[in-house]
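Since we're looking at a predicted model, the values are computed, not measured.
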Amino acid sequence: MKPLIVVSASMAVATASAGNRPNIVLFMVDDMGWQDTSVPFWTERTPLNDTYETPNMERLASEGMLFTQAYAAPISSPSRCSLMTGANAARHRVTNWTLRRNESTDMEDDLVATPDWNVNGIVQGVQGDKGWAERAFVCRSFVDLLHESGYHTIHVGKAHWGALGTPGERPEHFGFDVNIAGHAAGGPATYLSEQNYGHDSLGHATSLMATPDLEHYWGTGTFLTDALTQEALRALDKWKEARLLDKPFYLYMSHYAVHIPIDRDMRFYQKYIDKGLSPKEAAYASLVEGMDQSLGALLLWLDRNGEADNTVVIFMSDNGGYATGSYYRDEPLYTQNAPLRSGKGSLLEGGIREPMIVRWPGHVRRSSRCDKYLMIEDFFPTLLEMGGVSHYSVPQTIDGRSFMPLLNESGDPSADRSLIWNYPNVWGNEGPGISLNCAVRHGPWKLIYNYKTREKELYNIETDISEQDNLAPRWPKLVRKLSRELGRQLRKMKAQRPTVKSTGKPCPWPDEVK
């Protein structure tokens with residue numbers, strides 16, 4: 001294992017003045033689709049844009065830059081681990097969602113066996129040195145680097161970086177001064193305070209998904225999204241009251257919304273019933289608008305406390321919208337992210353393309369739009385650059401590229417770059433583009449390869465955003481070229497692949513199949 005080299009704060013931070021460094025708010029939504037908003041991220045408005053009401057996202061977009069091609073992994077933990085480490089999921093090998101220590105969450109497949117992936121998630125370097133690196137990826141988070149450089153670091157909401165019983169389940173182990181409600185679970189047991197967010201009357205968790213730290217709200221009628229928002233505002237108030245000279249904050253406002261269970265946020269539910277939505281879709285829309293109201297509350301706090309001009313606000317989702325289960329969504333399934341195809345768990349656009357907005361007064365042009373692509377691991381170097389942290393050493397390889405040139409419109413860091421996805425796992429839910437596959441995006445072209453069936457799909461994303469026209473049979477040379485690139489990158493990152501049960505041999509890499 002490569003040792004962690006600890007860099008002193010004086011080396012880690014290179015800024016003209018610490019006072020010039022901005023506060024940073026990363027507002028992360030769980031399972032929010034590209035179209036779950038009244039903000040159009042496509043070239044035209046869609047019926048879904050007219051269904052949802054997200055006025056605060058509209059405000060943020062009018063005051064900052066909207067990104068139309070921001071990508072993440074198809075599942076939560078891989079995206080969140082890439083965010084924290086700057087490493088692609090193929091490299092950190094946390095390729096499925098984590099929960100219990102040393103236990104895979106993969107479902108069984110009749111023909112192939114999934115690889116021995118890092119089921120325990122990520123672990124901070126010094127903890128890895130103490131023996132916690134078993135089935136985990138050793139790293140140093142950008143949060144720890146920001147913290148060392150003088151940032152006050154606040155975590156509110158979902159973490160989902162490490163399994164139960166490992167250091168990776170606790171945000172404090174990654175450099176956060178404050179942790180509210182972050183633990184190993186990837187979703188809430190319930191959003192309802194009437195059910196104590198998953199605890200019984202004695203305070204015992206009735207589910208591994210029970211949300212901790214919010215006892216004050218039990219039985220009060222406070223929806224989970226609102227409780228987390230109130231806690232975030234309280235943490236910011238404490239920062240303001242106890243603020244040390246030139247000590248900016250980093251707030252990771254990581255909502256459990258809009259992850260299942262899709263409980264009704266009664267502040268907004270009836271509105272959508274009155275608009276003609278079914279009870280299922282009205283409940284989902286209420287989750288979306290409750291999330292948006294949280295964003296508005298944070299923006300209002302920044303305004304009232306004189307911090308708006310010195311704060312970067314970034315809006316992002318960790319994967320595509322839920323589109324695979326009729327218990328929570330209306331049929332037809334796989335259409336909930338239209339015009340994108342499929343949804344969460346899929347390497348089709350509906351599973352990996354995310355709504356993203358950045359507001360940074362004086363640095364990002366108002367009402368601007370970026371159509372260049374970027375990837376979730378790019379947040380690592382970008383947030384450090386925003387925070388003035390320019391010299392640091394970490395045990396992991398950083399795959400991400402800073403998207404600061406996109407923000408200041410000076411260049412395209414991904415102009416010569418291939419984006420890579422690897423999902424050699426079996427999620428459980430079924431649908432187009434889900435499970436046992438890998439993909440590459442280069443320019444307008446995207447190739448998806450299925451390890452099990454050995455089938456390849458080729459799409460021109462610029463002309464076929466819905467991925468309806470598989471060009472693979474008609475463009476064999478391009479398929480071979482992208483297959484070579486995908487295979488080369490996966491091997492370079494020492495990615496994993498499934499094995500064929502009948503032979504015990506690994507499934508072929510994409511460039512080993514014609």
ring-ring contact (aromatic ring centres under 6.0 Å, His included): pairs with one or both residues in residues 457-503, sequence neighbours excluded: Trp445-Trp475
Any donor-acceptor N or O pair under 3.5 Å, side chains Lys452, Ser435: no
Are side-chain N/O atoms of Ser254 and Arg80 paired as donor and acceptor at under 3.5 Å? yes
Can a donor-acceptor pair be found, under 3.5 Å and without considering hydrogens, that links the side chain of Ser77 to the backbone of Trp97? no
Just by distance, do the side chain of Lys492 and the backbone of Gly487 share a donor-acceptor pair under 3.5 Å? no
Apply the test side chain to side chain contact (heavy atoms under 4.5 Å, CB included) to residues Tyr423 and Ile75: give CA-CA distance (whole Å), side-chain angles for both, the deciding distance (0.1 Å), then the verdict. CA-CA 9 Å; Tyr423 192 71; Ile75 293 290; 3.7 Å; yes
Ile122/Val94 under side chain to side chain contact (heavy atoms under 4.5 Å, CB included): CA gap, chis, key distance, verdict: CA-CA 8 Å; Ile122 59 174; Val94 188; 4.2 Å; yes
Assess the side chains of Arg417 and Ser414: does a donor N or O sit below 3.5 Å from an acceptor N or O? yes
Mind running side chain to side chain contact (heavy atoms under 4.5 Å, CB included) on Arg353 and Ile465 for me, showing each step along the way? CA-CA 11 Å; Arg353 190 186 287 215; Ile465 196 171; 3.9 Å; yes
Expected output: side-chain Asn179 to main-chain Gly182 donor-acceptor under 3.5 Å: yes
Can a side-chain donor-acceptor contact be found between Asn319 and Glu354 if the only test is distance below 3.5 angstrom? no
Is Thr211 reaching over with its side chain to a backbone N or O of Ala181, donor-acceptor style, under 3.5 angstrom? no
Going by atom types alone, do Ser76 and Asp318 pair a side-chain donor with an acceptor below 3.5 Å? yes
For Phe379, run the ring-ring contact (aromatic ring centres under 6.0 Å, His included) check against Phe142, Phe403, Tyr250, Tyr71 and tell me which one passes. Phe403
Find out whether Val358 and Val313 are in side-chain contact, i.e. whether some heavy atom of one side chain is under 4.5 Å from a heavy atom of the other. no
Side-chain heavy-atom pair Arg135, Asp116 within 4.5 angstrom cut-off: yes
Derivation and outcome, salt bridge (charged side-chain N to carboxylate O under 4.0 Å, His left out), residues Glu349 and Arg341: CA-CA 6 Å; Glu349 293 292 285; Arg341 185 173 163 215; over 6 Å; no
Can you tell me how the ring of Tyr252 sits relative to the ring of His155, calling it parallel under 30°, perpendicular over 60° and tilted otherwise? tilted
What about Phe176 and Phe174, are their ring centers closer than 6.0 Å? no
Only residue of Asn49, Asp50, Thr54, Asp292 satisfying side-chain hydrogen bond (donor to acceptor under 3.5 Å, both in side chains) with Ser38 is Thr54
Quick check: Tyr284 with Tyr322 (ring centres under 6.0 Å apart)? no
In the structure I gave you, are the side-chain heavy atoms of Thr114 and Asp109 within less than 4.5 Å of one another anywhere? no
Looking at Ser82 and Pro78, would you say the former's side chain and the latter's main chain have a donor-acceptor pair under 3.5 Å? yes
Check: Ser79 side chain, Ala73 main-chain N or O, donor-acceptor pair, under 3.5 Å: yes
Whether the side chain of Ser483 engages the backbone of Val479 through a donor-acceptor N/O pair (distance < 3.5 Å, no angle test) should be reported. yes
Counting the benzene-type ring for Trp, do Tyr449 and Trp509 have ring centres under 6.0 Å apart? no
I'd like to know if the side chain of Asn118 and the backbone of Ala136 have a donor-acceptor N/O pair within less than 3.5 Å. yes
Worked check of salt bridge (charged side-chain N to carboxylate O under 4.0 Å, His left out) between Glu63 and Arg359: CA-CA 6 Å; Glu63 296 172 348; Arg359 186 186 80 172; 2.7 Å; yes
Tell me if a side-chain donor or acceptor on Glu169 pairs with a main-chain N or O of Pro167 at a distance below 3.5 Å. no
Under 3.5 Å side-chain donor-acceptor pair for Arg441 and Gln69: yes
Main-chain N/O of Gly321 paired to Gln336 side chain as donor or acceptor, under 3.5 Å: no
So do the side chains of His259 and Pro188 get within less than 4.5 Å of each other, counting heavy atoms only? yes
Salt bridge (Lys or Arg N to Asp or Glu O under 4.0 Å) partner of Arg401, chosen from Asp412, Asp416, Asp378: Asp416
Step-by-step ring pair (Phe, Tyr, Trp, His ring centres under 6.0 Å) determination, Phe27 to His255: CA-CA 8 Å; Phe27 192 96; His255 275 294; 5.3 Å; yes
Take Arg497 and Glu512 through the salt bridge (charged side-chain N to carboxylate O under 4.0 Å, His left out) test and state the conclusion after the steps. CA-CA 13 Å; Arg497 49 183 167 160; Glu512 295 175 339; 3.7 Å; yes
Could you verify whether a donor N or O on one side chain and an acceptor N or O on the other, from Glu377 and Asn88, lie under 3.5 Å apart? yes
On the ring face of Trp117, is Arg93 found with NZ or CZ under 6.0 Å from the centre and within 45° of the axis? no
Run the salt bridge (charged side-chain N to carboxylate O under 4.0 Å, His left out) test on Glu485 and Lys481 for me, step by step, so that the C-alpha distance in whole Å, both residues' side-chain angles and the decisive distance to 0.1 Å come before the verdict. CA-CA 6 Å; Glu485 172 68 2; Lys481 179 180 178 181; over 6 Å; no
Does the side chain of Ser402 pick up a donor-acceptor pair with the side chain of Glu385 at under 3.5 Å? yes
Using only heavy-atom distances, determine whether the side chains of Ser410 and Asn408 contain a donor-acceptor pair under 3.5 Å. yes
